[in-house]
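Before any comments, here is the structure.
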Amino acid sequence: MEAIKLHYDVSGNDFTCAGEASGKIKRELKGLGFPNDIVRNVAIAVYEGEINMVIHAGGGVIDVEITPECISLDLIDEGPGIPDVSLAMKEGFSTAPENVRQLGFGAGMGLPNIKKYTDEMIIDTEVGVGTTIHLKVYIK
Amino acid sequence: MKISEIQTILNAELICGADLLESEVFTACGSDMMSDVLAFVKEQAVLLSGLVNPQVIRTAEMMDMKCIVFVRGKKPSMDMIDLATERDIVLLRSDLEMFTACGLLYKHGLKGGSGI
């Protein structure tokens, strides 16, 4: 099977739409017959990333590459960047504004959760330029 | 436990998903914080929440949950109902508070994620 490549735009204007791309990715993986636990792990990780994109970066794009062995995702934004990645990775640390917390997010679990549900996570970030999160989930 | 039994136990109004009421569920969780649901919850089929916005439906979708119970009489918007219908998620609404609703379901045999 050749690698399947998918691309999704994430709008930064509307929090109610956050998760639309993640839902599409989840249904795509399900349709391809990947095991339920793999599909769910990818869905949760990419959903957390998508929420972060909307909250912090004004949207972005998600590129997905699927092979029988591995699901790779690049979450790319041109937001403010992350000044201190190790701090951002700490559970409970959040810079999300109050209105986002009222919507049930901003508990400081986003990035740690992405790491928890993926096999590889690399964050490339530059303040004032943007952030790209590279994720890999291997099919065992 | 069938979702229809949850409806009866909580004296809940069915909002959408009538065709899925006979689905079996074994575990549940209650939270208004979707971040926590995504971080700590595993294999739960039912979400009880007093939070009302589309991200509650999306969170349930990502977690493969089958049913959401809105507690404290909270009413989901039409957008949320449409989204839940598209994703085959049953929506129920109960006037009970979170603690009471969780307690009643637990008493009738529904478990938390740890199997307790």
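Proteins get letters first, then strands, A, B, ... in listed order; numbering begins at 1 in each.
Of the atoms belonging to A/Gln102, it is backbone heavy atoms, and not side-chain ones, that fall under 4.5 Å from chain B. Heavy atoms closer than 4.5 Å to chain A are found in the backbone of B/Asp32, but not in its side chain. Proximity to chain A is limited to the side chain of B/Asp36, based on heavy atoms less than 4.5 angstrom apart. Using a 4.5 Å cut-off between heavy atoms, A/Phe15 contacts chain B through both its backbone and its side chain. Contact of A/Tyr47 with chain B is made through the side chain alone, with heavy-atom distances under 4.5 Å. For B/Ser49, no part lies under 4.5 angstrom from a heavy atom of chain A. Neither the backbone nor the side chain of B/Met80 comes within contact range of chain A, judged by heavy atoms closer than 4.5 Å. Looking at B/Leu51, only its side chain comes within 4.5 Å of chain A, counting heavy atoms on both sides.
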query: Could you walk me through whether A/Thr16 and A/Asp14 pass the side-chain hydrogen bond (donor to acceptor under 3.5 Å, both in side chains) check?
result: CA-CA 5 Å; A/Thr16 60; A/Asp14 189 358; 2.5 Å; yes
task: Tell me, with the steps shown, if A/Tyr138 and A/Glu120 meet side-chain hydrogen bond (donor to acceptor under 3.5 Å, both in side chains).
output: CA-CA 9 Å; A/Tyr138 294 105; A/Glu120 279 182 33; 2.5 Å; yes
message: Evaluate A/Asp84 against A/Ser86 for side-chain hydrogen bond (donor to acceptor under 3.5 Å, both in side chains), listing each step before the verdict.
response: CA-CA 6 Å; A/Asp84 186 336; A/Ser86 57; 2.9 Å; yes
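Counting heavy-atom pairs under 4.5 Å between each of B/Asn53, B/Val37, B/Val52, B/Ile57 and chain A puts B/Asn53 at the top. Between chain B and the options A/Gly23, A/Ser22, A/Ala43, A/Ala18, heavy-atom pairs under 4.5 Å are most frequent for A/Ala18.
With A/Thr131 as the partner, the side-chain hydrogen bond (donor to acceptor under 3.5 Å, both in side chains) test is satisfied by one option alone out of A/Thr125, A/Asp124, A/Asn52: A/Thr125.
Distance CD1/B/Ile68 to CZ/B/Arg93: 15.0 Å, rounded to 0.5 Å.
Counting heavy atoms from C-beta on, the side chains of B/Val46 and B/Lys66 never come closer than 4.5 Å.
A salt bridge links A/Arg40 with B/Asp64: the distance from a Lys NZ or Arg NE/NH1/NH2 to an Asp or Glu carboxylate oxygen falls below 4.0 Å.
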